Amino acid sequence: MWSDIFYPENPKRREQLIRRSQELQDLMKNNFRATNQLIDAMNKYLSCSFEHIYLQESATLRENCDVIIGCIRKIQVEVERIDKELKEKLEPTLYEKLRNLSLSSTDFKAISKAFETVCGVATVGSTVLFGYLIDKGIILANITRKYVIIGAGTLASVALAVVFLGIDMIVEAIIGKIEGDQLKADLEQYDRALQEFRPASEQYQDNITYVRIKIEVLNE
């Protein structure tokens with residue numbers, strides 16, 4: 001590119017942004033997948049009726065962020081509803097045991113009645129999943145905050161397909177004209193967002209995997 005003559009650092013920055021774009025793509029795809037796994041568990045064990053969400057490459061980065069943010073917020077609302085109703089129906093000490101998942105067989109029998117009234121189901125899976133969602137509620141809030149940051153960034157208004165196709169299209173979409181200082185600033189902003197988004201995404205995915213495995217083991 002002619003601009004490389006005037007901005008010799010641009011090729012290196014392009015390669016860096018390509019790698020950041022690929023990492024963002026992988027994190028977002030995995031987060032959508034993990035959210036759908038959580039949806040499946042909630043539909044099965046808490047009698048919810050959430051629909052799967054899908055990453056749309058024809059949509060903008062912000063629009064895809066809004067999809068997962070909206071879904072997680074709906075999950076949070078449902079968890080809060082169940083939590084409120086269970087709290088009203090259970091003894092305070094029993095409710096705390098539920099939150100901490102420190103239940104005896106006797107405790108489970110009492111909690112099962114409350115779950116059946118509130119959710120229409122009463123299984124080990126429903127108890128474990130709900131206890132996890134209450135205990136790990138901050139995980140849902142945290143990943144939502146990170147998506148808000150990503151959705152407000154430099155690439156937010158660019159179609160996801162463009163973001164993932166390559167640096168030349170990204171640069172044209174962002175600034176229309178290659179300028180070294182602007183490219184550097186965009187890369188720095190992208191890096192800051194990923195530094196926060198990366199650990200939050202990994203923790204989010206790990207926690208959902210953990211609770212799914214735990215439910216499967218207890219139901220064996």
Side-chain angles (χ1 to χ4, degrees), residues 27-56 63-148 151 197 199-220:
L27 288 172
M28 290 191 70
K29 284 184 176 179
N30 288 336
N31 287 342
F32 270 67
R33 180 172 178 269
T35 302
N36 285 333
Q37 291 175 335
L38 177 58
I39 283 172
D40 289 340
M42 291 188 69
N43 289 348
K44 181 176 181 179
Y45 296 110
L46 298 177
S47 293
C48 298
S49 56
F50 294 114
E51 296 182 354
H52 277 198
I53 56 174
Y54 300 95
L55 197 71
Q56 299 292 335
E63 287 169 339
N64 278 288
C65 288
D66 288 345
V67 168
I68 195 167
I69 288 171
C71 180
I72 292 175
R73 285 178 175 164
K74 287 179 182 178
I75 290 173
Q76 289 172 311
V77 168
E78 183 63 12
V79 171
E80 289 170 4
R81 181 193 69 79
I82 296 172
D83 183 40
K84 181 180 178 181
E85 293 190 27
L86 286 176
K87 192 172 184 178
E88 292 173 351
K89 296 180 183 302
L90 295 172
E91 295 285 341
T93 53
L94 195 56
Y95 174 75
E96 284 306 313
K97 287 183 179 181
L98 171 61
R99 288 180 65 97
N100 300 326
L101 291 177
S102 56
L103 302 169
S104 66
S105 57
T106 303
D107 294 332
F108 178 72
K109 289 179 181 178
I111 288 176
S112 293
K113 293 181 180 178
F115 260 108
E116 193 163 9
T117 301
V118 174
C119 300
V121 293
T123 65
V124 172
S126 59
T127 304
V128 171
L129 178 59
F130 178 76
Y132 156 81
L133 290 171
I134 291 297
D135 182 52
K136 300 295 183 183
I138 185 135
I139 299 297
L140 296 175
N142 191 34
I143 195 67
T144 300
R145 285 195 296 269
K146 302 314 177 186
Y147 267 103
V148 169
F197 189 57
S201 296
E202 292 171 352
Q203 188 178 30
Y204 177 67
Q205 295 159 26
D206 289 347
N207 274 272
I208 291 176
T209 300
Y210 168 79
V211 73
R212 287 177 55 247
I213 292 174
K214 187 168 185 177
I215 290 172
E216 289 173 5
V217 169
L218 289 173
N219 280 337
E220 288 179 352

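Heavy-atom basis, side chains included; hydrogens, waters and symmetry copies ignored. If you're wondering where the values come from, they're calculated on a predicted model, not measured in any experiment.
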Notebook entry, point to check: If you measure from NZ on Lys74 to CD1 on Ile69, what distance do you get to the nearest 0.5 Å?
Noted result: 13.0 Å

Next item on the list: Could I get the full list of side chain to side chain contact (heavy atoms under 4.5 Å, CB included) partners for Lys89, not counting sequence neighbours?
Entry: Ala114, Thr117, Val118

Next item on the list: Report the residue from Thr209, Asn30, Asn142, Thr35 that forms a side chain to side chain donor-acceptor pair (under 3.5 Å) with Tyr204.
Entry: Thr35

Margin query: side-chain contact (heavy atoms from CB on, under 4.5 Å) for Leu133 and Met42? Distances and angles first, verdict last.
Written below: CA-CA 10 Å; Leu133 290 171; Met42 291 188 69; 4.1 Å; yes

Next item on the list: Rounded to the nearest 0.5 Å, what's the gap from CD on Glu80 to NZ on Lys84? Could you check?
Entry: 10.5 Å

Checklist line | Closest contact, heavy atoms only, Asn31 versus Ser201 | finding: ND2-OG, 3.0 Å

Item checked: Heavy-atom closest pair, residues Ser47 and Gly120 -> OG-C, 4.4 Å

Check: Distance from Gln37 atom CD to Gln205 atom CD, nearest 0.5 Å?
Finding: 9.0 Å

Next item on the list: Take atom NZ of Lys146 as the centre, draw a 6.0 Å sphere, and report whether it contains more than 12 heavy atoms from other residues, nucleotides or ligands.
Entry: yes

Notebook entry, point to check: Taking only residues two or more places apart in sequence or in another chain, which ones pass ring pair (Phe, Tyr, Trp, His ring centres under 6.0 Å) with Phe130?
Noted result: Phe115

Item checked: Partner residues of Glu63 under the side chain to side chain contact (heavy atoms under 4.5 Å, CB included) criterion, sequence neighbours left out -> Ala59, Thr60

Notebook entry, point to check: Given the rule in the side-chain contact (heavy atoms from CB on, under 4.5 Å) test, do Ile68 and Ile72 qualify, once you have shown the distances and angles that lead to the verdict?
Noted result: CA-CA 6 Å; Ile68 195 167; Ile72 292 175; 4.0 Å; yes

Checklist line | From Ile134 atom CD1 to Leu129 atom CG, the distance as rounded to the nearest 0.5 Å | finding: 10.0 Å

Margin query: Please enumerate all residues that pass side chain to side chain contact (heavy atoms under 4.5 Å, CB included) together with Tyr54, with sequence neighbours excluded.
Written below: His52, Gln56

Checklist line | Enclosure of Arg99 CZ (heavy-atom neighbours >12, cutoff 6.0 Å) | finding: yes

Next item on the list: Locate the shortest heavy-atom distance separating Ile143 from Leu140; write the atom from each residue and the value.
Entry: CG2-O, 3.3 Å

Item checked: Reported NZ-to-CG distance for the pair Lys87 and Leu94, which is rounded to 0.5 angstrom -> 13.5 Å

Next item on the list: Could you pull out all residues at least two apart from Tyr95 that satisfy ring pair (Phe, Tyr, Trp, His ring centres under 6.0 Å)?
Entry: none

Notebook entry, point to check: So which heavy atom on Tyr45 is nearest to which on Ser126, and how close?
Noted result: O-CB, 2.9 Å

Check: Should Tyr132 and Asn207 count as side-chain neighbours, where that means a heavy-atom distance under 4.5 Å?
Finding: yes

Check: Crowded around Glu91 CD? As in, over 12 foreign heavy atoms under 6.0 Å?
Finding: no

Check: Does the Asn36 side chain pair with the main chain of Ile53, one donor and one acceptor, at a distance under 3.5 Å?
Finding: yes

Next item on the list: Starting at CD of Glu88, measure out to CG of Leu90 and round the result to the nearest 0.5 Å.
Entry: 10.5 Å

Check: Any idea which heavy atoms bring Thr127 and Leu98 closest together, and the distance?
Finding: CG2-CD1, 3.6 Å

Notebook entry, point to check: Is there side-chain contact between Phe32 and Val67, with heavy atoms separated by less than 4.5 Å?
Noted result: yes

Check: What's the shortest heavy-atom distance between Cys71 and Ile39, and which atoms?
Finding: SG-CD1, 3.6 Å

Margin query: Tell me whether the count of non-hydrogen atoms from other residues, nucleotides or ligands lying under 6.0 Å of CD in Glu51 goes above 12.
Written below: no

Margin query: Under the rule for salt bridge (Lys or Arg N to Asp or Glu O under 4.0 Å), what residues qualify as partners of Arg81, not counting sequence neighbours?
Written below: Glu78, Glu85

